[in-house]
Amino acid sequence: MWDNVQETVQFLKNKTNEFTPEFGVILGSGLGGFADDVKVEYAISYNEIPNFPISTVQGHKGALLFGAIGNKKVVAMQGRFHYYEGYN
């Protein structure tokens with residue numbers, strides 16, 4: 001498991017030029033509009049990320065957004081995964 005996490009971390013660092021967020025936000029269907037306020041620098045689809053679950057719920061876009069809200073660097077999960085989707 002540790003090796004999988006490290007592979008995922010390295011992938012994200014490489015894809016985002018080592019972007020380091022100050023805050024993380026998880027967006028479900030009710031908060032999806034929040035993503036419109038993020039000045040996105042990088043958007044990475046969950047299905048591109050090694051070892052990362054994919055959201056199968058309709059309305060969950062399934063992407064990590066790296067960018068800023070005001071002067072704060074954020075990463076936002078645009079859609080989340082659920083236990084009932086088969087993830088433990």
Side-chain angles (χ1 to χ4, degrees):
M1 169 86 103
W2 180 253
D3 291 338
N4 288 348
V5 170
Q6 294 308 306
E7 178 185 14
T8 303
V9 167
Q10 194 57 53
F11 172 85
L12 292 172
K13 283 182 174 185
N14 290 341
K15 279 291 251 194
T16 64
N17 197 26
E18 305 243 357
F19 185 95
T20 305
E22 299 170 72
F23 297 96
V25 182
I26 300 170
L27 306 175
S29 11
L31 293 172
F34 180 87
D36 297 335
D37 295 330
V38 177
K39 183 180 174 191
V40 177
E41 293 183 39
Y42 305 95
I44 306 170
S45 177
Y46 292 166
N47 62 7
E48 292 180 52
I49 304 170
N51 312 304
F52 207 75
I54 297 169
S55 178
T56 62
V57 174
Q58 188 173 3
H60 289 205
K61 295 197 178 182
L64 282 181
L65 305 179
F66 294 82
I69 298 273
N71 63 352
K72 299 296 181 187
K73 293 169 78 174
V74 300
V75 59
M77 289 181 70
Q78 195 174 26
R80 59 187 190 276
F81 358 98
H82 304 84
Y83 182 72
Y84 61 78
E85 293 177 272
Y87 300 114
N88 54 22

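Counting begins at 1 with the first residue of the sequence. This is a predicted model, so every value here is computed, not measured.
When all heavy atoms of Phe66 and Val75 are compared, the pair lying nearest together is CE2-CG2, 3.6 Å. Contact record, Phe19 with Glu41: CE1-OE2, 3.7 Å, taken as the closest heavy-atom pair. Scanning all heavy atoms of the two residues, the minimum distance from Glu48 to Phe11 falls at O-CZ, 3.4 Å. Counting all heavy atoms, side chain and backbone alike, Val74 lies closest to Pro21 at C-CB, 3.7 Å. Heavy atoms only, all atoms of each residue included: Phe34 and Ile69 are closest at CZ-CD1, 3.9 Å. Between Glu22 and Asn71, the shortest heavy-atom distance links the atoms OE2-O, 3.9 Å.
One finds the CG atom of Leu65 at 10.0 Å from the CG atom of Asp36 (value rounded to the nearest 0.5 Å).
Two residues are said to be in side-chain contact when any heavy atoms from C-beta on lie closer than 4.5 Å; Thr16 and Ile44 meet this criterion. In this structure, the side chains of Val5 and Asn51 stay at 4.5 Å or more apart for every pair of heavy atoms.
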Residue pair Leu64, Met77: steps toward the side-chain contact (heavy atoms from CB on, under 4.5 Å) verdict: CA-CA 5 Å; Leu64 282 181; Met77 289 181 70; 3.6 Å; yes
Test side-chain contact (heavy atoms from CB on, under 4.5 Å) applied to Tyr42 and Leu12, step by step: CA-CA 10 Å; Tyr42 305 95; Leu12 292 172; over 6 Å; no
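Connection of Ile26 to Tyr46 is established within a shared hydrophobic cluster, with ILVMFWY side chains joined at heavy-atom distances below 4.5 Å, either directly or through further cluster members.
A donor-acceptor pair under 3.5 Å is absent between the side-chain atoms of Glu18 and the main chain of Lys13, judged by distance alone.
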